[in-house]
Amino acid sequence: MVFRSHMDAALAEARAAATRGEVPVGAVVVAPSGAVVARAGNRTRELSDPTAHAEMLALRAACAAAGSDRLPGHDLYVTLEPCPMCAAAISFARVARVYYGAADPKSGGVAQGPRVFSHPQCHHVPEVYDGIGAEAASALLTGFFRERR
């Protein structure tokens, strides 16, 4: 099987989030067949919902499409390192692989901070690949916050 990155689709969702005034983070869930089954960008402000992170919205949509609370064999592409809340949801959903772009030293929960997947209480640990599209994801975030300062 040939690896095909779906980070461009996640970056498109991040750009759309920025256009809505949301922090530009995008996520895409890919089925074992290679088909994109869900995509989302942050909507915390729009929905007045602190849990409406791109990953959470994409996981909810993918689970609804699958008719299950678990997504074995699925991949998640996200432009920013998942926070602890999203990392826990990824584990609960049994996502097989997580590909993320930019590291998040302030709020990350995978390689930074609490490192959710390294805890013995973590029931499922996905394969994690970082730095995929990191430069583009970082530039998008930097530009977004520069405009607001």
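Because the structure is a prediction, the values reported are computed rather than measured.
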Determine the minimum heavy-atom distance between [X] and [Y], stating which atoms define it.
X	Y	result
Pro72	Pro32	O-CG, 3.9 Å
Ser91	His124	OG-O, 2.8 Å
Ala40	Ala58	CB-N, 3.7 Å
Cys86	Pro82	CB-CB, 4.0 Å
Pro126	Val95	CB-O, 3.2 Å
Ala62	Ala38	N-CB, 3.6 Å

Can you check whether [X] reaches [Y] side chain to side chain, under 4.5 Å on heavy atoms?
X	Y	answer
Asp104	Cys83	no
Asp49	Arg43	no
Glu81	Asp130	no
Ile132	Ser5	yes
Val98	Glu127	no

Under a single-linkage definition using a 4.5 Å side-chain heavy-atom cutoff for Ile, Leu, Val, Met, Phe, Trp and Tyr, are [X] and [Y] assigned to the same hydrophobic cluster?
X	Y	answer
Phe92	Val125	no
Met7	Val29	no
Met56	Val25	no
Leu76	Val23	yes
Val37	Leu59	yes

**OP:** Run the numbers on Thr79 and Arg15 for side-chain hydrogen bond (donor to acceptor under 3.5 Å, both in side chains), then give the verdict.
**Re:** CA-CA 10 Å; Thr79 58; Arg15 286 189 285 277; over 6 Å; no

Original post:
Any side-chain donor paired with an acceptor under 3.5 Å for Ser68 and Arg94?
Top reply: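 Absent: no donor and acceptor within the cut-off.
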
**OP:** Scan side-chain atoms only and decide if Thr44 and Asn42 contain a donor-acceptor pair under the 3.5 Å cut-off.
**Re:**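 No, no side-chain donor-acceptor contact under 3.5 Å.
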
Original post:
Taking it one step at a time, do Val110 and Arg115 satisfy side-chain contact (heavy atoms from CB on, under 4.5 Å)?
Top reply: CA-CA 4 Å; Val110 175; Arg115 295 182 173 100; over 6 Å; no

**OP:** Answer yes or no: is there a donor N or O on one side and an acceptor on the other, between the side chain of His53 and the main chain of Thr51, under 3.5 Å?
**Re:**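 Checking the backbone N and O of Thr51 against the side chain of His53, no donor-acceptor pair under 3.5 Å is found.
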
Original post:
Is a donor on one side and an acceptor on the other found under 3.5 Å between the side chain of Glu22 and the backbone of Arg45?
Top reply: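 Side chain of Glu22 to backbone of Arg45, a donor-acceptor pair under 3.5 Å: yes, one is there.
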
Original post:
Do Phe117 and Val128 pass the side-chain contact (heavy atoms from CB on, under 4.5 Å) test, and can you show the C-alpha distance, the side-chain angles, and the key distance before you say yes or no?
Top reply: CA-CA 9 Å; Phe117 301 140; Val128 177; 3.9 Å; yes

**OP:** Check the pair Leu71, Cys63 against side-chain contact (heavy atoms from CB on, under 4.5 Å), reporting the backbone distance first and the verdict last.
**Re:** CA-CA 7 Å; Leu71 300 168; Cys63 286; 3.8 Å; yes

**OP:** Please lay out, stage by stage, how Asp75 and Tyr99 fare under the test side-chain contact (heavy atoms from CB on, under 4.5 Å).
**Re:** CA-CA 8 Å; Asp75 296 339; Tyr99 300 89; 3.9 Å; yes

**OP:** Determine, for Glu46 against Arg20, whether the closest basic-nitrogen to carboxylate-oxygen distance falls under 4.0 angstrom.
**Re:**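 Yes, this pair counts.
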
Original post:
Going from CD1 on Ile90 to CE on Met85, what distance comes out if it is rounded to the nearest 0.5 angstrom?
Top reply: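 Here the rounded value is 10.0 Å.
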
Subject >> Qualifying residues under side-chain contact (heavy atoms from CB on, under 4.5 Å), relative to Val116, sequence neighbours excluded >> reply: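 side-chain contact (heavy atoms from CB on, under 4.5 Å) check on Val116 returns Pro84, Ala87, Pro114.
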
**OP:** Would you verify whether the NZ or CZ of Arg146 falls within 45 degrees of the ring axis of Phe144 while also being under 6.0 Å from that six-membered ring's centre?
**Re:**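 Not flagged: Arg146 not positioned over aromatic ring of Phe144.
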
Original post:
With a 6.0 Å cut-off on ring centres, are Tyr77 and Tyr129 close enough?
Top reply: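 Between Tyr129 and Tyr77, which both carry aromatic rings, the centre distance is not below 6.0 Å.
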
